[in-house]
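Notes follow the structure.
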Amino acid sequence: MKKPQLKTALLSLSALLFAGSALAADPAFPKAPAGKVTLEVWSWVPGLDKTVAAFEKAYPNIDVKVTNLGGGPQTYTKLLTTLKAGTGAPDVAQVEYGFVPSFVDTGGLADLSTLGANNYKKYFVPWTWGQVSPDGKAVFAIPQDTGPFAMVYRDDVLKKYGIAAPKTWAEYEKAAATMYTKSGGKVKMGNFYATFAPWFMALAWADGGQFFKRDGDSWVQTLNNPSAKKVLNYWYGMIKKGHVGTIQAFTADYWNAAGAGQVASNFEAAWGPGGYAGSMKDKGAGLWRAANIPQWTASNTVKSGNWGGSSSVVTAQSKNKQAALLFSLWLNLSETAISQNWTNGGLFPASDAGLDFAILKDKTKNPSKFFGGQDISSVYATASRGVNVNFQWAPWFPFANDNFNKQMDLMLKGKLTPNQALDAWQRETLAEAKKQGYTAR
Amino acid sequence: MVVSRPYLPRTPAVKPSRGTPWLFLSPFLVLFTLFYIAPVMYAGYLSLFIKKRAGFGAAKEVFGGMANYVRAFQDTEFLSSLLNILKFGVVQIPIMMLVATALALVLDAAKNRLQGVFRTAFYLPYTIPSVIAGLLWGYLYSKNLSPFNQIVTALGGGRVDFLGSDIVLWSIANIVTWTWTGYNMITLYAALQNIPTDLYEAARIDGASPWQLTRDIKLPLLKPSLLLVLIFSIIGTMQVFAEPFVLRPLGYVPDNITPNTYLYLVASRDGNFSYAATLAILLAIFTFLMSAVFLRFTRRGGEL
Amino acid sequence: MVRKEKFTPLQILALTLFAIYALLPLWWVIVTIFKDNGQLFSTFGLWFGNKSYLSENLNTLFTRQDGIFTRWAVNSIVYAGTTALGSVVVSAMAGYAFSAYEFKGKDALFGLILATIMVPSTALVLPLFLMMQKMGLLNTYWAVILPGLVNPFGLYLMRLFWDAGFPKDLMEAARIDGAGEWTIFQRLGLPLVRGGLVTVGLFAFVAAWNNFFLPLVAVSREDLFPLTLGLSVWNQTSSSSGQEPIYTVIVLGSLISILPLVLAFLTLGRYWQGGLANGAVKG
């Protein structure tokens, strides 16, 4: 136990000492523009002000002002307004991958390929670049953090019911049935998040499911793709039998049930374990473990999906795009920034080198500590490298995201079969895309 | 100070010049024009545009005439949101007004220390900002942890899913009732307190029972206040937004649970500001018509 | 006297039941500020946990982001205080114009002003944003204060107060005495509608204090946030992704943020209630 502690201590010390200056691991960043520059940044990453201080130290002529407008919707509302108004937008803003295309289509984002962003493609985990550069040419954002999928489970609960961590979905289904019978329905093997489309999509993503695709000048939308149908039917079968629950994610009910050991496993993105540790505190601390998500056919290669994660966009309104790009690259590739973003905000890096940084493996700190000191980041690193590269989003994804909840609600009430629910999701979302003026089929 | 001029002959009062009222109005009107009229006019202008796309990239806004208005009347999501809010209003407003009136009458029946305590208690929910109300009710509505459900299950009943899509409209109605009943009650209570006591005395000499007193004196005198509360409740109901919005992260709350949430999503989620502006204008017209109908209706009732 | 000294038991019962309804959620607030996040999710919501985390919560609240909560509180006081004062002046003057004078288009103008409250503000983000941008108001204190000064509801109430509390013949008499129009308004009129001024001021104060939408549109710098926006940002950050949730700290912050409102109503409530009745009865 001593050794890694000392190592991380040394590491954070060196991070402090070298804060700002490029570490050996850092790629060569573009040159900073001459003269005094001020950048406005909108982001909800906690503790970003401290990370920014290190940046300003390394680039004294760049002054960065960070504003946290709240995660997700609140920031997007404001960003959309400023882009639409043609004024008032920040230089850099944090945007989740699924929402990038909707902002691209306002015409308000800068194409960073003209500034040489493609030179940095090689430093990122391959699938993340596909998220910000759908056609492989134009680049609309720099990947920041990711949410590759892994299975988290209560080791003690599984052992109690004599279940080994499942490696295939068939094993998982069997485990759910066993758990149900042996516990008299009190403990559920898993939980279906019915109001988080990206959670469901990540499971289909792992199976190679494609939901949106650009095709020349139009779009192809396949929300009811075969993988989606397979995954949903699989889960619906377990839901109907009561073998898995349907508690809402991030609610008091969920944390209470999970803390009490009534939810034996779940599928969470890399940023999930931090939330588990913070929300359950001492309930079940040290009892959780992480493993690769089950596969449809037993195999040694891990295929995974992604839920969430975000990127840094540079707006077309920015008067200092070069500096904004420099900041975005530094924020997401430098060891200083990646380390701090992980420590302060639980951001799992999109940087390929970042996946192996020692600070991610610190067993004395959460989330690893909450997971019994397991090096969960290497589980997630494996997952990240196994995420399907060609996954795309459409500009109307925000609508699809909400419409999913409606269809799942109808399905859980028994008014739609899983296939009907997905067909309705496809139909209603496509109609909306057309209303928004898109050529889509 | 007014300087009196006793030695001057009394002249008829100088009529104020025609501009005087406008001088008094000017600060209000300037700000009103800038921050109310201009945005509303701009919204009206926006509502005439539609999006046109060719391939990728930004959509062009082109003049569409009444196209957005036509779309609104065919938009089943919007129309059902109006239906939702109508259902909501028909149930919630009468309940809230009934409770507020009853409480005001009870509170008015006696005069002692308790009164102040109750008044403050009833009023407190109004001061809670919607962010915290969301956290609060989110907890009280959670299926397994809700104290209400814990009591119900202890009594052998089944759990209620307050955030389930069939019930959530009424869970929202409860939050609105909780926030505004006390506020409205105080308005009504204050009106009751202002009724001159000699009116009561006269009635008492005539041998009126407390119930007759309430029916024949208090309620008729309360009518203008009730009307005020009613009209503002109608306007408030048509714009219900914060309550459903804070519950959204906790479960499935339909996009079109109220017209205001729907048009907000159209603007800030789907980026269609011009269609949202159209919906806002239609909603305002609808609210105006409802209020006007009620005013007409109650005025006539009063005369009969 | 018609009003008795005591309530009947039945009346007490009715009042108590409603008081429980009104206060039960607030009891949850009180209990919650003593908990940490783990307890919030694992202990009974309407009773205390076995250990108090109040001091930790207070500490987090006032030290998070270099103590920005205090800054937000100061901003809220500035926004709400200035808005309330300014709104009283503006509404009193305009209400006076509508009550004391006859002029062309008076009814139409009054109708127009009242009709605007029926337009939901959710659709006005973009227009309002553009407006403020053109005037160079974005990210200034004025952006949050100026729009709050016009309050159609405040004007409506103020007009009722003038109608009820300021006799026209008094005005005529003062004119005969040679008093100017401003003098009549200020020296003679204002003291007669004191209740109205407090009422409108309080309404404007609460509205400005709890306003969320306007600051969201108008400012994008954290040091200009009011409490509502700041707490909402914390709340969103707390519930999104894998960050340490701080719900109980936010609840504590919210409780502190409503204290000034409670205080204002306890001290000024007397005027307010009397004033409102004047307006409402004559309405």
Side-chain angles (χ1 to χ4, degrees), chain B residues 2 4-5 13-14 16 20-21 24-25 27-28 31-32 35-36 38-40 42-43 103 106 109-112 118 121-122 124-125 127-129 131-132 135-136 139-140 145 147 182 186-187 190-191 193-194 200 224-225 228 235 239 241 249 260 263-264 267 273 276-277 280 283-284 287-288, chain C residues 2-7 11 14-15 18-19 22-23 25-26 28 45-46 90 93-94 96-97 101 103 115-120 122-128 131 146-147 149-150 172 175-179 181 183 210 228 231-232 235 239 247 251 254 258 261-262 265 273 276-277 280-281 283:
Chain B
V2 184
S4 57
R5 289 165 287 182
V14 189
T20 314
F24 277 103
L25 279 172
F28 188 93
L31 292 167
F32 180 69
F35 298 112
Y36 280 76
V40 172
Y42 186 75
L103 288 173
V106 169
K111 209 174 181 71
N112 59 32
F118 281 123
F122 296 167
L124 274 174
T127 60
I128 309 283
V131 182
I132 180 71
L135 268 177
L136 197 96
Y139 181 84
L140 295 174
L145 292 179
I186 295 221
T187 310
Q193 293 274 296
N194 265 33
Y200 293 133
S225 304
L228 183 82
I235 297 173
Q239 297 188 12
F241 173 74
N260 211 0
L263 76 88
Y264 179 78
F273 290 94
L283 189 59
T287 311
F288 182 77
Chain C
V2 168
R3 293 187 185 95
K4 299 162 298 181
E5 284 292 314
K6 280 194 175 118
F7 292 111
Q11 286 170 333
L15 291 172
F18 193 77
L23 293 180
L26 293 164
W28 179 85
L46 298 179
V90 172
M93 284 172 65
Y96 182 74
Y101 299 98
F103 55 91
T116 50
I117 44 175
M118 297 177 187
V119 182
T122 35
L124 300 181
V125 207
L126 186 63
L128 209 56
M131 203 63 218
L146 285 178
L149 296 183
V150 266
E172 282 301 316
R175 276 187 193 140
I176 291 168
D177 280 345
E181 298 298 309
T183 316
N210 284 340
T228 42
L231 287 172
S232 143
N235 186 33
S239 54
Y247 294 115
V251 171
S254 306
I258 63 168
L261 299 182
V262 176
F265 276 94
Q273 287 157 21
L276 196 64
V281 167

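A, B, ... follow the sequence lines: proteins, then strands. Residue 1 opens every chain.
Of all the listed residues (C:Val262, C:Leu146, C:Leu46), the one sharing the greatest number of non-hydrogen pairs under 4.5 Å with chain B is C:Leu146. Looking only at heavy-atom pairs under 4.5 Å with chain B, the residue among C:Ala94, C:Ala115, C:Pro120 that has the most is C:Pro120. Counting heavy-atom pairs under 4.5 Å between each of B:Val106, B:Leu140, B:Ile235 and chain C puts B:Val106 at the top. With chain C as the partner, the residue from B:Ala276, B:Pro147, B:Ala277 showing the most heavy-atom pairs under 4.5 Å is B:Pro147. If you tally non-hydrogen atom pairs under 4.5 Å between each of C:Leu261, C:Val119, C:Leu128 and chain B, the highest count goes to C:Val119.
With a 4.5 angstrom heavy-atom cutoff, B:Tyr139 touches chain C only via side-chain atoms. For a residue to count as touching a neighbouring chain, one of its non-hydrogen atoms must lie under 4.5 Å from one of that chain's; by this rule C:Phe103 touches chain B with the side chain only. With a 4.5 Å cut-off on non-hydrogen atoms, B:Ala38 touches chain C through its side chain but not through its backbone. In this structure, the portions of C:Leu15 lying under 4.5 Å from any heavy atom of chain B include both its backbone and its side chain. When heavy atoms are compared at a cutoff of 4.5 Å, B:Leu31 approaches chain C by way of both its backbone and its side chain.
Nearest heavy atoms, C:Ala22 versus B:Ala121: CB-O, 3.6 Å. For the pair B:Ala109 and C:Gln11, the tightest heavy-atom approach, listed with the atom from each and the gap, is CB-NE2, 3.5 Å. Nearest heavy atoms, B:Phe24 versus C:Met93: O-CB, 3.4 Å. The nearest pair of heavy atoms linking C:Ala14 to B:Leu103 is O-CD2, 4.3 Å. The shortest heavy-atom contact between C:Pro147 and B:Tyr36 is O-CE1, 4.2 Å. Between C:Asn210 and B:Thr127, the closest heavy-atom pair is ND2-O, 3.6 Å.
Distance check: B:Ile128 CD1 to C:Leu26 CG gives 4.5 Å after rounding to the nearest 0.5 Å. Taken from CE in C:Met131 to OH in B:Tyr42, the straight-line distance is 11.5 Å, to the nearest 0.5 Å. Here the CZ atom belonging to B:Phe273 is positioned 11.5 Å from the CG atom belonging to C:Leu124, to the nearest 0.5 angstrom. Note that CG of B:Leu263 and OG1 of C:Thr122 are 4.0 Å apart. Values are rounded to the nearest 0.5 Å. Going from atom CG of C:Leu149 over to atom CZ of B:Phe32 covers 14.0 Å, rounded to the nearest 0.5 Å.
In this structure, B:Phe288 places its CZ atom where only 12 or fewer heavy-atom neighbours from other residues, nucleotides or ligands lie under 6.0 Å away.
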